[in-house]
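All remarks here apply to the structure that follows.
Each chain gets a letter, A, B and so on, in the order its sequence line appears, and its residues count up from 1.
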Amino acid sequence: MNTSTAEAKAGGSPAPEPRPSNFIRDIILDDLKTNKYQGRVQTRFPPEPNGYLHIGHAKAICLDFGLADEFGGHTNLRFDDTNPEKEETEYVESIQEDVKWLGFHWDGLFYASDYFDQLYEWAVKLIKDGKAYVDDLSAEEIRKYRGTLTEPGKDSPYRNRSVEENLNLFERMRAGEFPDGSRVLRAKIDMASPNLNMRDPVMYRILHAEHHRTGNKWCIYPMYDYAHGQSDSLEKVTHSMCTLEFEDHRPLYNWFIQQLGIFPTQQIEFDRLNLTHTLLSKRKLLQLVQEGRVRGWDDPRMPTLSGIRRRGYTPEAIRNFCASIGVSKTTGSIELAMLEHFVREDLNQRAPRVMAVLRPLKVVIDNYPENQAEEMDAVNNPEDATAGTRKVPFSRVLYIEQDDFREDPPKGYFRLSLGREVRLRYGYFITCKSIVKNDRSEVVEVHCTYDPATRGGNAPDGRKVKSTIHWVSAAHGVDAEARIYENLFSKENPSDVEEGRDVLDNLNPNSLEVIPNAKIEPSLANPTAGSRYQFERLGYFCADPDTKPGKPVFNRTVALKDTWAKVEKKHGAR
RNA sequence: UGGGCCGUCGACUAAUGGUAGGUCAAGUGCCUUUGGAGCACUUUGUCUAGGUUCGAAUCCUAGCGGCCCAGCCA
C-alpha cells in the first residue's frame, strides 16, 4: 500500500492504487502548495494506554500513518498518559504490537509523560503571566460555578489571587502538601464563554497515584486538554487529526499555543468509525472483559485488533476496509457487511482450501470395497495456481454435512436426498439409496452407491449433477473443535438501549457456539496457530492459539456467502 | 433554549459552479467440480423552500433534521 507507486513504476504494472480523496488530504495538499510548513507533514497517533486498540483506532491509524507516508512525512506514536489511575504498561505493549501488526512503523515513540517537566514550566509561565490560577473550590463547586449550556458561569472567588500566591500554592501542590481534590490549577480565560471548554478549564489536578512511567515523581498531573495540544506542538506536528468531539476543544488548544508562543499545530477533526452490531467504546469493552462477558481483550468476538486478529482477519483486509470507507465529518455508521466483504476478498485470494465437516452425517458407500482407500487429488486454491494440489484420502465410510442431506428436499434444494445423485468434491458421484433413522426419527446414516467411472469428480459420459458437496473420510478424518461466532450484539445499534437498561443487556447470548467434534481432513491435523484456511463451502477459519497437538481448534472468521441460505430464508422459515 | 459541527442511493463516500460516479448491500442473468469465486446487467440519491446564475449537490437566505459539549476522563 505504501510502496505501490514505486512498485508500479518499477514493475510496469498497472496504475498505482488510487488514493481516495478526502477533505483532510485536500487540506494537506493545499498546505504543501502554499508551503505552510516548509513542505513538512508530521502526524501522530496518540492513544491513551487505558485499553486495547479496536477497529475504530485502525481508521485513525491508517489516516495518521497513511497520509504522512503518502507525502513523505513522519508519524509518531505518542501515548497520552496523563491519567495514571487508568493507564497500564500492558496496554502500551498491546498498542505497539497492534500498530505493528497493522503494518505501520512509527518514527518517534513518545509519551505525554515525557513532557511533564516542560508542561509544568509552562504552567508556571502562565501563572506568572496572570493566565492561570490555583482554585480551592471543590469539584462540585467548580461544576456549579461553570454555569450551564445556556447560562454563563461565575468567577471563582479564588480567581484573582496574586501571582505570588498562585506560584506558592502551585509549587506546594507539586510538593505534595495537599490532598487529592483539594485544589486545581485553572486557566484564566472566560467564565462567560459560550464554549464551556473556555470557562477556566482545569489544567492540573492533584493525584497521589503512581504513574506507569514516572512512578511517584509527580502527585499533580496535567489534564488531557492541557497536555495534548502542547505535546503536538513540541513534536512539531503539522496536521493533528482527531475525532469530532474534540472540535470544541480546538479553541482551547489554540489558546494555550498562543499564550505560550509555541509551534502552531493545526488540528483537523473527522468522524470516528461506527460499525453496526458493534460496540466501540473502550470503557464498555473494558467492562466486557472485567465482567467476564468475553474471554478477554482478544476474544474473537471483540472488535479489538487483537480480537479480530485472533478471529482470523488480516491487516490487509483492515487496511483496505479503512481505505474504502473514507474520511469525512458526517456522523454515520458503516454496515458490518462492508468489513466482512474485505476479509472475504482478501482471504479468497490467499487462504488454502480444505475440507471439513462441522455437523457430521455418516455416509456409507455400499458398493465401495470394505478395506480400500484412495488418495484423491485436490486443488489447494483455485484462485492461486501456484498453491498446488494435495492428496485427500477417500474410503467407504465418509462424513458429510448434515445440511447437505434432506429427507424431504424443498424446492430448489440441489444437494443429496433419496434417489438423487451429487458429486463428492474431488471424489466420485454418489447416489443416495436408503437412509437409517434413530428412534427419534432423525436420519443418522445415509447409504449410497458410487460410480467408479467418475473418479475425481468427472463423468466421462458428460452427465451433470446439480451440486457438489464436501466430505471427510471417517477412517482418516481428525476431530477438531470449531468455534462459530455470531455478532456480539444482534441489534444493529447496540447503544440503542431502553430506559433503565444497559448496553450490555443487548449482548447476544448466542454469540459463541462451540462445535466440539467437527471432522477435518488429515492434512489439517496439526495447524500452526494463526494459520487461515477456507473450509470449502463453509467459510474462512483460523487456527486458534488454544490448538494443542492432536486437538486443533478453529475460529470461524467469516462465513462464505450462502446463496441457498438466502433463498431458503426468503421462501419462509421451514 | 447557548455554542460547535453535519445533512448526496438502504449504508459509506466522490463530484471543489458544468454528464450526480464508486464501493458495500439488494435484485437479475451468465458461468461454475465450493449454491464459493468471477462476469454482465438493474433498482434506488443531492433534507425543504426561496434566491443568485446561461447553468447549483456545490454560492446566499430561511426553515427542518441529526450529532457533540455543563469530568479534577480522554
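If you check rA56(B) for Watson-Crick or wobble pairing at under 3.5 angstrom, you find it has no partner at all. Using the Watson-Crick or G-U wobble rule with both distances under 3.5 Å, rC67(B) pairs with rG4(B). With a cut-off of 3.5 Å on both Watson-Crick or G-U wobble distances, the partner of rC24(B) is given as rG10(B). Nucleotide rU44(B): unpaired (no Watson-Crick or G-U wobble partner with both distances less than 3.5 Å). Across all strands shown, nothing is found opposite rG17(B) as a Watson-Crick or G-U wobble partner with both distances under 3.5 Å. Across all strands shown, the partner of rU61(B) is rA49(B), judged by Watson-Crick or G-U wobble contacts whose two distances both fall under 3.5 Å. Base pairing analysis places rC72(B) opposite nothing; no Watson-Crick or G-U wobble pair with both distances below 3.5 Å involves it. Using Watson-Crick or G-U wobble geometry with both donor-acceptor distances under 3.5 Å, rC30(B) finds its partner in rG38(B).
A salt bridge between E375(A) and K391(A) is absent, with no side-chain N of the basic residue lying under 4.0 Å from a carboxylate O of the acidic one. Between R463(A) and E421(A), at least one side-chain nitrogen of the basic residue sits less than 4.0 Å from a carboxylate oxygen of the acidic one, meeting the salt-bridge criterion. A salt bridge links R350(A) to E316(A): at least one charged side-chain nitrogen sits closer than 4.0 Å to a carboxylate oxygen. Ion pair D200(A)/R159(A) flagged as a salt bridge, since at least one NZ, NE, NH1 or NH2 atom sits closer than 4.0 Å to an Asp/Glu carboxylate oxygen.
Residue contacts for K466(A): at a heavy-atom cut-off of 4.0 Å it reaches no nucleic acid atom on any strand shown. Within the nucleic acid shown, Y204(A) has no heavy atom closer than 4.0 Å to any nucleic acid atom. Residue contacts for G153(A): at a heavy-atom cut-off of 4.0 Å it reaches no nucleic acid atom on any strand shown. Here V202(A) lies in heavy-atom contact (under 4.0 Å) with sugar-phosphate atoms only. The residue R146(A) sits close only to the backbone: its heavy atoms come under 4.0 Å of sugar-phosphate atoms, none of a base. Residue contacts for T150(A): at a heavy-atom cut-off of 4.0 Å it reaches a base atom on one of the strands shown. Q534(A) comes within contact range of at least one nucleobase, with a heavy-atom separation under 4.0 Å. R353(A) comes within 4.0 angstrom of a nucleotide base, judged by non-hydrogen atoms across all strands.
Atoms CZ (F23(A)) and P (rG7(B)) sit 10 Å apart, rounded to a whole Å. Going from atom CD of E340(A) over to atom P of rA37(B) covers 13 Å, rounded to whole Å. As a whole-Å value, the separation of F414(A) CZ from rG36(B) P is 11 Å. Atom P of nucleotide rC73(B) and atom CG of D180(A) are separated by 10 Å, given to the nearest angstrom. If you measure from atom CZ of F321(A) to atom P of rA11(B), you get 16 Å, rounded to the nearest angstrom. One atom, CE of M173(A), and another, P of rC72(B), lie 13 Å apart when rounded to the nearest Å. Between the C1' atom of rA74(B) and the CG atom of D80(A) lies a distance of 8 Å, rounded to the nearest Å. Straight-line distance from the NZ atom of K561(A) to the P atom of rG35(B): 14 Å, rounded to whole Å.
Aromatic ring centres of F116(A) and H211(A) lie closer together than 6.0 Å.
Partner of Y226(A) under the side-chain contact (heavy atoms from CB on, under 4.5 Å) criterion, out of L185(A), L126(A), T82(A), L252(A): L126(A) alone. Screening V354(A), D404(A), I400(A) against H470(A) for a side-chain contact (heavy atoms from CB on, under 4.5 Å) leaves a single residue, D404(A).
Listed candidates were rA74(B), rU13(B), rC69(B). Nearest to the side chain of H249(A) is rA74(B). Nearest to the side-chain atoms of S21(A) among the listed nucleotides rU23(B), rA70(B), rU16(B) stands rU16(B). When distances are taken from the side chain of A139(A) to each of rC72(B), rU23(B), rA14(B), the shortest belongs to rC72(B). Residue M223(A) has its side chain nearest to rC72(B) when only rU8(B), rC72(B), rU23(B) are considered. Minimum atom distance to the side chain of E536(A) is reached by rU34(B), of the listed rC73(B), rU34(B), rU8(B). Distances were taken from every side-chain heavy atom of T82(A) (C-beta onward) to each of rA11(B), rA74(B), rC67(B); the shortest belongs to rA74(B). Among the nucleotides rU34(B), rG71(B), rA70(B), the one closest to the side chain of T468(A) is rU34(B). Checked against rU34(B), rG2(B), rU23(B), the side chain of M338(A) finds its nearest nucleotide in rU23(B). Closest approach to the L149(A) side chain among rC69(B), rG36(B), rA74(B) is made by rC69(B) (side chain taken as heavy atoms from C-beta onward). Nearest to the side-chain atoms of E335(A) among the listed nucleotides rG10(B), rC69(B), rU16(B) stands rG10(B).
Taking the ring axis of F178(A) as reference, the NZ or CZ atom of R183(A) stays within 45° of it and closer than 6.0 Å to the ring centre.
Glycosidic conformation, rG7(B): anti, with the torsion outside 90° of 0.
One donor-acceptor pair, N or O on each side, does fall under 3.5 Å between the base of rG3(B) and the side chain of D248(A). Judged by distance alone with a 3.5 Å cut-off, a donor-acceptor contact links the side chain of R415(A) to the base of rG35(B). Under 3.5 Å, the side chain of E383(A) and the base of rG38(B) form no donor-acceptor pair of N or O atoms.
Both N348(A) and F342(A) lie close to RNA chain B; mapped to their nearest nucleotides by heavy-atom distance, the more 5′-ward contact belongs to F342(A). Place Y540(A) and S182(A) on RNA chain B by their nearest nucleotides, and Y540(A) ends up nearer the 5' end.
Rounded to a whole angstrom, the distance from the C1' atom of rU13(B) to that of rU46(B) is 13 Å.
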